[in-house]
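Take a look at the structure set out below.
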Amino acid sequence: MATVELVYDRGCPNVGEARAHLKKAFVDAGLLPPWSEYVIGDPGAPAHARGYGSPTILIDGRDVSGASPGDEATCRLYRDERGGLTRVPTVTQIAAALAGAHGREARGTVGGWRSGLAVLPGIGAAL
């Protein structure tokens, strides 16, 4: 399961909309919606969640818009699919990042299963 985190500033007016987009993206991706939330400046927040503006959605430690950590800002802007500006990541951006993380997990599982088959001849020879 992908790790999903919402990073935000308590004073940011866009957090509610970000949560709504996150919930919708989980539904669109056909996944259950568990995620963690961290307030900017919280000393208990993990290091990888620091340095982002509000609101930021991280999936497996990566910003859904591809941004790198920089200055923590009260509010940030995103580019939508048409190149316009929006106050939160779009549902499409979040769903794509979720699907990408889910795909990476599935490939890892299949790869692990296939690599496990490689040892079967050795086990058979030992028996």
Side-chain angles (χ1 to χ4, degrees):
M1 180 75 153
T3 302
V4 181
E5 299 158 313
L6 172 61
V7 181
Y8 66 95
D9 183 81
R10 283 191 175 104
C12 179
N14 304 320
V15 177
E17 187 177 2
R19 282 189 187 108
H21 282 204
L22 190 52
K23 288 176 189 175
K24 174 100 172 76
F26 269 102
V27 169
D28 289 356
L31 301 170
L32 296 174
W35 70 79
S36 301
E37 295 190 5
Y38 301 105
V39 175
I40 290 175
D42 178 2
H48 71 269
R50 296 182 186 152
Y52 289 99
S54 177
T56 293
I57 296 174
L58 303 174
I59 299 179
D60 289 339
R62 296 181 187 110
D63 183 283
V64 296
S65 71
S68 298
D71 292 329
E72 292 176 341
T74 301
C75 291
R76 65 180 278 194
L77 295 173
Y78 294 84
R79 292 263 176 217
D80 64 17
E81 291 79 19
R82 296 171 302 201
L85 294 177
T86 180
R87 299 173 297 168
V88 298
T90 65
V91 172
T92 303
Q93 287 172 320
I94 300 166
L98 284 168
H102 188 67
R104 285 190 300 275
E105 289 173 6
R107 285 191 302 275
T109 302
V110 170
W113 177 78
R114 286 184 182 157
S115 63
L117 286 178
V119 300
L120 289 178
I123 292 171
L127 293 175

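Atoms considered below: every heavy atom in the structure, side chains included; atoms not considered: hydrogens, waters and symmetry mates.
Phe26 and Val15 fall within the same hydrophobic cluster, where Ile, Leu, Val, Met, Phe, Trp and Tyr residues are linked whenever their side-chain heavy atoms come under 4.5 Å apart, directly or through other members. Residues Leu6 and Leu98 share a single hydrophobic cluster, defined by chaining ILVMFWY side chains whose heavy atoms lie under 4.5 Å apart. Val27 is not connected to Ile59 by any chain of hydrophobic side-chain contacts under 4.5 Å among Ile, Leu, Val, Met, Phe, Trp and Tyr, and they are in different clusters. Val88 is not connected to Val4 by any chain of hydrophobic side-chain contacts under 4.5 Å among Ile, Leu, Val, Met, Phe, Trp and Tyr, and they are in different clusters.
Using modelled atom types, one finds a donor on one side chain and an acceptor on the other under 3.5 Å when comparing Thr56 with Arg76. Between the side chains of Gln93 and Ser65, no donor N or O sits under 3.5 Å from an acceptor N or O.
Each of Asn14, Val7, Asp9, Ile40 was evaluated against Pro55; a single residue qualifies, Asn14, per the side-chain contact (heavy atoms from CB on, under 4.5 Å) test. Under the side-chain contact (heavy atoms from CB on, under 4.5 Å) test applied with Lys24, the options Ile94, Val91, Thr92 reduce to a single match, Val91.
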Full working for salt bridge (charged side-chain N to carboxylate O under 4.0 Å, His left out) between Arg62 and Asp60: CA-CA 6 Å; Arg62 296 181 187 110; Asp60 289 339; 5.0 Å; no

Chi angles and distances behind the side chain to side chain contact (heavy atoms under 4.5 Å, CB included) call for Ser54, Cys75: CA-CA 5 Å; Ser54 177; Cys75 291; 5.7 Å; no

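Looking at residues two or more places apart in sequence or on another chain, you find a side-chain contact (heavy atoms from CB on, under 4.5 Å) between Lys23 and Trp35. Annotation: side-chain contact (heavy atoms from CB on, under 4.5 Å) contacts of Pro43 (sequence neighbours excluded): none.
Between Glu17 and Arg87, the closest side-chain pair of non-hydrogen atoms falls below 4.5 Å.
Closest of all the heavy-atom pairs between His48 and Gly61 is CD2-CA, 3.9 Å.
In this structure, CG on Asp63 lies 11.5 Å from CD on Glu5, to the nearest 0.5 angstrom.
Annotation: Arg19, atom CZ; neighbour count of heavy atoms from other residues, nucleotides and ligands within 6.0 Å is above 12. Atom CG of Leu85 is surrounded by more than 12 heavy atoms from other residues, nucleotides or ligands within 6.0 Å.
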